[in-house]
Amino acid sequence: MTDVATDQLQVWVDQELCTGDGLCVQYAPEVFEFDVDGLAYVKGADGELRQAPGARVDVPEHLRLEVIDSAKECPGECIHVVRGSDGVEVAGPEADD
């Protein structure tokens with residue numbers, strides 16, 4: 001059994017549902033950023049936006065809570081935080097809260 005406290009997490013944004021509200025960018029600007037289209041995208045450790053639909057990036061350990069909170073607070077319910085080991089969603093619209 002994996003533990004969300006120790007397992008590597010990944011995050012992705014469904015731009016089809018993004019409202020451009022910006023809570024995610026406020027919570028974790030190292031992970032989320034707006035593009036010119038006004039929608040939020042994830043960005044990798046290299047700072048580059050991942051614009052392919054469903055593109056995932058690893059969540060930095062020190063930002064785990066901020067990224068999980070952004071998924072829980074997102075008005076568009078478009079942020080998906082999943083365990084890297086098995087892809088189970090731990091925060092976001094498909095998570096079992």
Side-chain angles (χ1 to χ4, degrees):
M1 178 162 176
T2 58
D3 181 0
V4 71
T6 58
D7 198 9
Q8 176 62 51
L9 299 180
Q10 295 181 323
V11 63
W12 63 281
V13 176
D14 183 347
Q15 282 77 30
E16 297 280 324
L17 299 175
C18 182
T19 60
D21 188 83
L23 282 175
C24 59
V25 176
Q26 292 175 5
Y27 274 111
E30 293 175 57
V31 177
F32 302 102
E33 186 175 312
F34 286 123
D35 199 7
V36 294
D37 59 8
L39 303 177
Y41 291 82
V42 292
K43 57 184 178 178
D46 59 3
E48 292 296 317
L49 293 185
R50 304 298 193 252
Q51 295 174 305
R56 296 179 179 187
V57 298
D58 291 336
V59 176
E61 179 118 2
H62 68 285
L63 292 173
R64 292 167 70 92
L65 291 178
E66 289 84 350
V67 170
I68 289 171
D69 285 346
S70 67
K72 290 181 177 179
E73 301 293 327
C74 177
E77 297 186 342
C78 66
I79 300 171
H80 301 265
V81 183
V82 299
R83 286 192 305 239
S85 61
D86 59 10
V88 170
E89 189 154 315
V90 297
E94 297 171 14
D96 295 328
D97 302 298

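Count residues from 1 along the sequence.
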Nearest heavy-atom pair of E73 and L23: which atoms, and what distance?
O-CD1, 3.5 Å

Testing the basics here: between C18 and A40, what is the closest heavy-atom pair and its distance to 0.1 Å?
SG-N, 3.4 Å

Taking every non-hydrogen atom, the tightest pair across A71 and V81:
CB-CG2, 3.9 Å

Report the distance from atom CD of Q8 to atom CZ of R83, rounding to the nearest 0.5 Å.
13.0 Å

If you round to the nearest 0.5 Å, how far is CD of Q26 from CD of E66?
13.0 Å

Hydrophobic cluster membership, Y27 vs L39, 4.5 Å side-chain cutoff
no

Rounded to the nearest 0.5 Å, what's the gap from CD1 on I79 to CG on D69? Could you check?
10.5 Å

Quick check: closest heavy atoms across L17 and C78, and the distance to 0.1 Å?
CB-CB, 3.6 Å

Treat each ILVMFWY residue as a node, draw an edge where side-chain heavy atoms are under 4.5 Å apart, and state whether V13 and V59 are in one component.
yes

CZ of F34 to SG of C24, rounded to nearest 0.5 Å, is 6.0 Å

What about V11 and I68, same hydrophobic cluster or not, with Ile/Leu/Val/Met/Phe/Trp/Tyr joined at side-chain heavy-atom distances under 4.5 Å?
yes

Between atom CZ of R56 and atom CG of L9, what is the distance when rounded to the nearest 0.5 Å?
11.0 Å

Side-chain heavy atoms under 4.5 angstrom apart, residues restricted to Ile, Leu, Val, Met, Phe, Trp, Tyr: same cluster for V82 and V31?
no

Please report the closest heavy-atom contact between P93 and H80, naming both atoms and the distance.
CG-CE1, 3.3 Å

Please find the pair of heavy atoms, one from V42 and one from A55, that lie closest to each other, and give the distance.
CG2-O, 3.5 Å

Grouping I, L, V, M, F, W and Y whenever their side-chain heavy atoms are under 4.5 Å apart, do W12 and F32 come out in a common cluster?
no

Look at the side chain of D35 and the backbone N and O of D37, then say whether any donor-acceptor pair between them is shorter than 3.5 Å.
no

Looking only at atom types and distance, does a side-chain atom of E94 sit under 3.5 Å from a main-chain N or O of E89, one as donor and one as acceptor?
no

Does a side-chain heavy-atom distance below 4.5 Å link V57 with Q10?
no

